[in-house]
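Written out below as structure tokens is the structure these notes cover.
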Number of protein chains: 2
Amino acid sequence: MATIIDVARLAGVSKTTVSRVINNYPHISADKKKQVLNAMEELGFTPNLSARRLRGQVATTIAVVVPKIVNPFFSYLVDAIEQVGYKNGYQTLICQTNEDKEKELAYLNLLKTKQADGIIMTSIENDWETIKPYIEYGPIVLCNEYVSRVDVPMIRVDQYQGTYVGVKHLIEQGHRKIAYCTGGLFTEFGKDKDRNHGYQRALEEAGIAVNPNWILVDKHTIEDGKLVMRQLLEMKDRPTAVFTGSDEIASGLMMAAKQAGLSVPGDLAILGFDDQPIAEVLEPALSTIRQPIEQMGRKAGEILLAMLEQADLEPAVYELPVELIVRKST
Amino acid sequence: MATIIDVARLAGVSKTTVSRVINNYPHISADKKKQVLNAMEELGFTPNLSARRLRGQVATTIAVVVPKIVNPFFSYLVDAIEQVGYKNGYQTLICQTNEDKEKELAYLNLLKTKQADGIIMTSIENDWETIKPYIEYGPIVLCNEYVSRVDVPMIRVDQYQGTYVGVKHLIEQGHRKIAYCTGGLFTEFGKDKDRNHGYQRALEEAGIAVNPNWILVDKHTIEDGKLVMRQLLEMKDRPTAVFTGSDEIASGLMMAAKQAGLSVPGDLAILGFDDQPIAEVLEPALSTIRQPIEQMGRKAGEILLAMLEQADLEPAVYELPVELIVRKST
DNA sequence: AAACTGATTGAAACTGGTTTCAAAAAAATG
DNA sequence: CATTTTTTTGAAACCAGTTTCAATCAGTTT
């Protein structure tokens, strides 16, 4: 690999001058600039980013922490973030935690060692108290997942509202026995708490008591959805509608329901969350709560880049709207 | 951030000794080792990877080039690769080309500047002649996509066989009018050529002439599938079966077919490719050619890592089996 | 013509690690 | 006990850039 010294030698200047050309500093004679450019071209020179980082403390890399990239919700999020990054000359490092606390911390260390300038977290495994100290090493933006304290910018949808609207819709369809089946365990705050809150509130307003048997948490995949359906089938007192935390769970639920001879929405109404491509493909098409995934990713990327330009940006909460999409499954 | 010098000072040794402890070199007194370890702990020291890279020429990073991460085929591939990488202490850099030649080259430059030790390419946008020179800078492994010359290891499935078996299956179901609808444009070699070849061969063996109207290329998404269906509907002479290059295209096709009142497989048989989760969810469940995505990713990761350990590994072709999964759509 | 200004340039220091080299100390050998 | 070998250690060089600082140079201003 050609180094800056090779270029300097070939161009007959010092490496300082070459560095100035690379970084587009003013006050360089057009003459020398051209020589340097030619030399760079001739040698196929690409500056070594490790060296730049070491001195300059700039990584031009952002890291995106996701639980699982195979989950379309997160792959769309990563997609949007990556686009913003690339447009601004940043590389995107994809960090998959697989819901492992250790792994999450390992990825946070990228900040410490300046391998990433900033991190966008789309999920949180550790306590916020564990993660918070890392903001000292570089900007962190939360996107999708959030916490109660505003130590960092958060891009989120109103999960409470989403769930509330969804459950209310089910109630309006005449359902009184509504199961609730979502991802995270109940936490003290954040996404899952708000969802839970929305569910409870909608029931409460309609004067419906919560049946704890119908609350199923820690469900994520299509497979989980199938399992949940089996659980529901075994109940003496079965719900007539299910609010799910993702279109995947809803898909599994629907498959298993149909297999068991139940009609959707006749015997069981199913409501998804996210509005992924799969929602439209299902038969019957899935009613769902649409999250503006792309917008969220883009916003998160933009905020992070803004923070990198301007370190003192005040952290704020950016709330994007959710929307109930009624199709055929409710 | 604490540096190695801070640690050395606190432990009362030279930074050389600290470095030796970090890298687990022999010949260090248990005594000093302990002091260093304590100091590292106390300062929360994490070595700066840029510095290590700069000197050591090791990035402990692998890059994965994909056309689009939102395509589940690629996200599963990335997932498998990332797992192998993480287990071996490597970070995974996700590089999305969006089918842009420039972007692909930008990502190949990661090798040149030692930001990545090696690259796994799951798609190829530029000519192989353009890409090939980069192997000088670090190992490249092709996974999924391939080229005719064996300059680098290739992990692939027998695309010819997959398509051949699939089309033959359709013929065995009594179809004589079989459309072919897949991703890449016809290239001189590689995946798409072999698929095309398998299609032609299967028809030929059954004494069926190819109808060029029924050959549709450059289709990738669900949306593309819907569009194709519209095209098919407008034809006077319509195919009775479609072989598709991905489960997404097949999904779009199926949706539009049902919307148009066609029964699947009665009026139109549809065969997918990949066997993604969506295949099982569709109604009727999609018959498809299963690719061992996870295996492919894992193998690609392992080969790349092996090449990093042992630079002189002879490039070879690793062919994994495809399998016809017959469900309800054919 | 002397003094001042700003543009242009390069030498040297610096980033935070690893590696080389040599020396000192300890252990093993004859 | 002298000699050899092996451990243990640190100083200094090195990786490839960026940044600081000072010097040179040309053009103005007095």
Side-chain angles (χ1 to χ4, degrees), chain A residues 1-37 39-40 43-61 89 109-117 137-138, chain B residues 1-37 39-40 43-61 89 109-117 137-138:
Chain A
M1 265 304 295
T3 73
I4 199 172
I5 296 195
D6 300 323
V7 175
R9 197 150 30 211
L10 183 62
V13 298
S14 73
K15 62 180 188 159
T16 310
T17 301
V18 176
S19 173
R20 289 193 178 109
V21 172
I22 295 170
N23 295 286
N24 244 306
Y25 278 21
H27 312 316
I28 298 194
S29 64
D31 192 28
K32 301 227 163 179
K33 186 163 181 173
K34 198 163 172 186
Q35 287 172 49
V36 171
L37 254 19
M40 278 169 51
L43 295 172
F45 170 76
T46 319
N48 181 314
L49 219 105
S50 291
R52 301 182 86 167
R53 280 181 185 160
L54 184 54
R55 184 59 221 246
Q57 311 286 328
V58 200
T60 59
T61 299
N109 267 316
L110 296 177
L111 268 190
K112 237 181 166 176
T113 59
K114 279 290 161 233
Q115 289 179 76
D117 300 285
Y137 305 115
Chain B
M1 265 304 295
T3 72
I4 199 172
I5 296 194
D6 300 324
V7 175
R9 197 149 29 210
L10 183 61
V13 299
S14 72
K15 62 178 188 161
T16 311
T17 302
V18 177
S19 174
R20 288 192 180 110
V21 172
I22 296 170
N23 294 286
N24 244 304
Y25 278 21
H27 311 316
I28 299 194
S29 65
D31 193 28
K32 301 226 163 178
K33 187 163 179 173
K34 199 165 171 185
Q35 286 171 49
V36 171
L37 255 17
M40 279 169 51
L43 295 171
F45 170 77
T46 320
N48 181 315
L49 219 103
S50 291
R52 303 181 85 168
R53 279 181 185 159
L54 185 53
R55 183 60 220 246
Q57 311 285 327
V58 200
T60 58
T61 300
N109 267 318
L110 297 177
L111 267 189
K112 237 181 166 176
T113 58
K114 280 290 162 232
Q115 289 178 76
D117 299 282
Y137 305 115

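Source: prediction; values computed, not measured. Chain letters run A, B, ... following the sequence lines, proteins first, then strands; residues in each count from 1.
- Checking side-chain atoms of B/Asn23 against main-chain N and O of B/Tyr25 turns up no donor-acceptor pair under 3.5 Å.
- The side chain of A/Ser19 places an N or O atom within less than 4.0 Å of a non-bridging phosphate oxygen (OP1 or OP2) of D/dT18.
- Rounded to whole Å, atom P of C/dT15 lies 19 Å from atom CG of B/Leu49.
- Between the side chain of B/Arg20 and the base of D/dG10 there is at least one donor-acceptor pair of N/O atoms closer than 3.5 Å.
- Ranking C/dT18, D/dT7, D/dG17 by closeness to the A/Asn48 side chain, first place goes to D/dG17.
- For the pair B/Lys33 NZ and D/dT8 C1', the computed distance is 13 Å after rounding to whole Å.
- At a threshold of 4.0 angstrom between heavy atoms, the contacts of B/Val18 with the nucleic acid are absent.
- If you take OH of A/Tyr137 and P of C/dG16, they are 14 Å apart, rounded to a whole angstrom.
- With rounding to whole Å, B/Leu54 atom CG is found 17 Å from D/dA13 atom P.
- Projected onto DNA chain C by closest heavy-atom contact, A/Lys32 and B/Phe45 fall at different nucleotides, the more 5' of which corresponds to A/Lys32.
- The phosphate of D/dG10 (OP1 or OP2) has a side-chain N or O of B/Ser14 nearer than 4.0 angstrom.
- Remark: B/Thr3 is not in phosphate contact with C/dG16, judged by side-chain N or O atoms under 4.0 Å from OP1 or OP2.
- Side-chain to base pairing of B/Arg55 with C/dT18: one donor and one acceptor N or O lie within less than 3.5 Å of each other.
- Within 4.0 Å of A/Thr17, counting heavy atoms only, lie sugar-phosphate atoms of the nucleic acid but no base atom.
- Of the candidates B/Asp6, B/Val7, B/Ile5, B/Val7 is the only one forming a side-chain contact (heavy atoms from CB on, under 4.5 Å) with B/Val18.
- Residues A/Ala2 and B/Ile28 both approach DNA chain D. Their nearest nucleotides, taken by heavy-atom distance, put B/Ile28 toward the 5′ side.
- Using a 4.0 Å heavy-atom cutoff across all strands shown, A/Ser29 reaches sugar-phosphate atoms only and no base atom.
- Looking at the side chain of A/Ala51, the nearest of the listed nucleotides C/dT18, D/dA16, D/dT18 is D/dA16.
- In this entry the distance linking CZ of A/Arg53 with P of D/dT19 reads 15 Å, nearest Å.
- At least one side-chain nitrogen or oxygen of B/Arg52 sits closer than 4.0 Å to the OP1 or OP2 atom of C/dT18.
- Side-chain contact between A/Asn24 and A/Lys33 is present, with at least one heavy-atom pair separated by less than 4.5 Å.
- Put simply, A/Tyr25 has no side-chain N or O that comes within less than 4.0 Å of OP1 or OP2 on D/dT18.
- For a distance-only test at 3.5 Å, the side chain of A/Lys15 fails to qualify as a donor-acceptor partner of the base of C/dG10.
- The side chain of B/Val13 sits closest to D/dG10 out of D/dG10, C/dG10, D/dG17.
- Between A/His27 and B/Asn23, the residue anchored nearer the 5' end of DNA chain C, judged by the nucleotide with its closest heavy atom, is A/His27.
- Between the base of C/dA11 and the side chain of A/Thr16 there is a donor-acceptor pair shorter than 3.5 Å.
- Using a 4.5 Å heavy-atom threshold, the side chains of A/Thr17 and A/Ser14 count as touching.
- Looking only at side-chain heavy atoms (C-beta outward), B/Thr3 and B/Asn48 stay at 4.5 Å or farther from each other.
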_Run the side chain to side chain contact (heavy atoms under 4.5 Å, CB included) test on A/Ile22 and A/Ile4 for me, step by step, so that the C-alpha distance in whole Å, both residues' side-chain angles and the decisive distance to 0.1 Å come before the verdict._
CA-CA 10 Å; A/Ile22 295 170; A/Ile4 199 172; 4.0 Å; yes

